[in-house]
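These notes are about the structure you will find just below.
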Amino acid sequence: MKTVVVTIDRFDQENQRGSYQQDFTIEIPNGLTVLDCLNKIKWEQDHTLTYRMSCRSAICGSCAFRINGKSKLGCKTQADDVITNGKLRIGPIGNTDIIKDLVVDLEPFWYKLKKVKPWLFANKPKDTTKEFYQSSEGYHKIEDASTCILCACCISECNSLKVDKNYVGPAALAKAQRFIDDSRDKNFVQRTREISEPTKVWDCTHCGECSERCPTDAKPLSRIEEIRERVVNAGVHNNGGARHLLSFFKSVGSSGTLDERKIPIESVGIGNLHANLGEIMPVGLKMLSHGKAPSMIHHNVDKVGEVRKIFKKLNKL
Ligand code: SF4
Ligand code: SF4
Ligand code: FES
């Protein structure tokens, strides 16, 4: 048995208590999960403590909390692995509004999920009297995304979501990949266009937090990279994200370096420059005033030939 002080971030609007932290001291044996610790507190000390849970087996996705500041599943996290100097801190997941204590409002999460149409638009099977099988090879492409349990751990630490509440977020994008790559789906073209719209696949900044926090193999950042590959290969280039990627590719391919004079212009699109001047000018001026504008002279870099060789080799793969 060991003594642990569990600090819980609480929130109780109904009883006008607002946000506050509360310490609970508990005695726990080895082998308890963080969710077991919460249950012990609720059942033995304070039945008003509110949180979601159901399966206790890392399947239902209900028990995502911030444990020592990072989102994790309570039922999949051994208390011993996260207790430091007899202390443990538990709070609600981030990038969400809190309803009560550790319960957050997941309505925006479900709403964004629906935006990527997470259901099959089935190509008609030849024989409708039999199951509509996915091949092993086809399933392999969607296997990782299919393990998502919709726990919302990934959205908690997403940096893009923090700055733009409209961004659909990593869970919805992982789900989108699952259907874009489903060989039985007939809406591939429409899906690749829709996922390239603003607030979707190109708005991720690759911080990697979603994959780091994801408790399954869904690993959203890898799924986002797969979608980007699909949309570019499918020729959906009429957006800033795809243009930026292609400009980047062209620049490294031709000179072995990033030509930062051209990339911002090509990312906006030469034909769009005039229409977007109001948006681009303030950014350009800000960069200039902070000494961050790219130099007008393109400098060569040491061993740039090596970069070209790597590029050539990768491009042949
Ligand atoms: S990698 Fe992209 S989607 Fe994932 S947390 Fe970072 S910004 Fe969000
Ligand atoms: S992608 Fe991972 S972290 Fe995000 S909801 Fe699905 S299982 Fe949870
Ligand atoms: S209680 Fe179901 S995932 Fe933790």
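Every number for a ligand or one of its atoms is a count from 1 in the order of the listing. No experiment lies behind these values; they were computed from the predicted model shown.
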For ligand 3, which atoms have a heavy atom of [X] less than 4.0 angstrom away?
X: I59; answer: 3 (S)
X: C75; answer: 1 (S), 3 (S), 4 (Fe)
X: C60; answer: 1 (S), 2 (Fe), 3 (S)
X: A58; answer: 3 (S)

Passes side-chain contact (heavy atoms from CB on, under 4.5 Å), F109 versus T96? Steps please. CA-CA 9 Å; F109 179 78; T96 49; over 6 Å; no
Hey, is C154 touching ligand 2 through its side chain, its backbone, both or neither, going by heavy atoms under 4.0 Å? both
Under 4.0 Å, heavy-atom basis, I'd like to know which part of C151 is in contact with ligand 2: side chain, backbone, both or neither. both
How far is [atom] from the closest protein heavy atom, and which atom is that?
atom: atom 8 (Fe) of ligand 1; result: C158 SG, 2.3 Å
atom: atom 7 (S) of ligand 1; result: S160 OG, 3.2 Å
atom: atom 2 (Fe) of ligand 1; result: C204 SG, 2.4 Å
atom: atom 1 (S) of ligand 1; result: G208 N, 3.2 Å
atom: atom 3 (S) of ligand 1; result: Y167 OH, 3.3 Å
atom: atom 4 (Fe) of ligand 1; result: C210 SG, 2.3 Å
atom: atom 3 (S) of ligand 3; result: G61 N, 3.2 Å
atom: atom 6 (Fe) of ligand 1; result: C207 SG, 2.2 Å
atom: atom 1 (S) of ligand 3; result: R56 N, 3.2 Å

With salt bridge (charged side-chain N to carboxylate O under 4.0 Å, His left out) as the test, would you mind laying out the steps for K70 and E212 before giving the verdict? CA-CA 10 Å; K70 294 283 182 188; E212 194 73 25; over 6 Å; no
Is the side chain of [X] donor-acceptor paired with the backbone N or O of [Y] at a distance under 3.5 Å, no angle test?
X: N85; Y: K87; answer: no
X: H237; Y: R243; answer: no
X: R10; Y: S19; answer: no
X: S251; Y: S247; answer: no
X: R89; Y: D9; answer: no

Out of S211, C148, P215, P170, which residue meets the side chain to side chain contact (heavy atoms under 4.5 Å, CB included) rule with C154? P170
Would you check if F248 and H244 make a side-chain contact, meaning some heavy-atom pair closer than 4.5 Å? yes
Considering only heavy atoms from C-beta outward, does the side chain of I90 approach that of L38 to under 4.5 Å? yes
Would you call [X] and [Y] a salt bridge, taking side-chain N to carboxylate O under 4.0 Å as the test?
X: E197; Y: K200; result: yes
X: K115; Y: E194; result: no
X: K40; Y: E27; result: no

Strictly under 2.8 Å, is any N, O or S atom of C148 next to atom 6 (Fe) of ligand 2? yes
Per the side-chain hydrogen bond (donor to acceptor under 3.5 Å, both in side chains) rule, which among R178, K117, R191 passes with D185? R191
Tell me, please: is L173 in heavy-atom contact with ligand 1, that is, under 4.0 Å? no
Check the pair E306 / K303 against salt bridge (charged side-chain N to carboxylate O under 4.0 Å, His left out), numbers first and verdict last. CA-CA 6 Å; E306 300 296 307; K303 298 194 177 166; over 6 Å; no
Is there an N/O/S atom in C214 that lies less than 2.8 Å from atom 8 (Fe) of ligand 2? no
Is there a heavy atom of G74 sitting under 4.0 angstrom from any atom of ligand 3? no
Pull out every atom of ligand 2 sitting under 4.0 Å from any heavy atom of [X], numbered as shown with elements.
X: A218; value: 1 (S)
X: L150; value: 5 (S), 6 (Fe)
X: A152; value: 5 (S), 8 (Fe)
X: T216; value: 7 (S)

Would you say P215 touches ligand 2, if touching means a heavy atom closer than 4.0 Å? yes
Less than 4.0 Å is my threshold; does some heavy atom of P170 fall inside it relative to ligand 2? no
Backbone, side chain, both or neither: what part of [X] comes under 4.0 angstrom of ligand 3, heavy atoms only?
X: I149; result: neither
X: C55; result: both
X: S54; result: backbone

Passes salt bridge (charged side-chain N to carboxylate O under 4.0 Å, His left out), D144 versus K219? Steps please. CA-CA 8 Å; D144 288 338; K219 308 298 178 215; over 6 Å; no
Output the list of atoms in ligand 1 that are nearer than 4.0 Å to some heavy atom of I224, sorted by atom number. 3 (S)
Using 2.8 Å as the threshold, say whether any N, O or S atom from C63 sits that close to atom 2 (Fe) of ligand 3. no
Once the angle between the rings of F249 and F311 is folded into 0 to 90°, is it parallel (under 30°), tilted (30 to 60°) or perpendicular (over 60°)? tilted
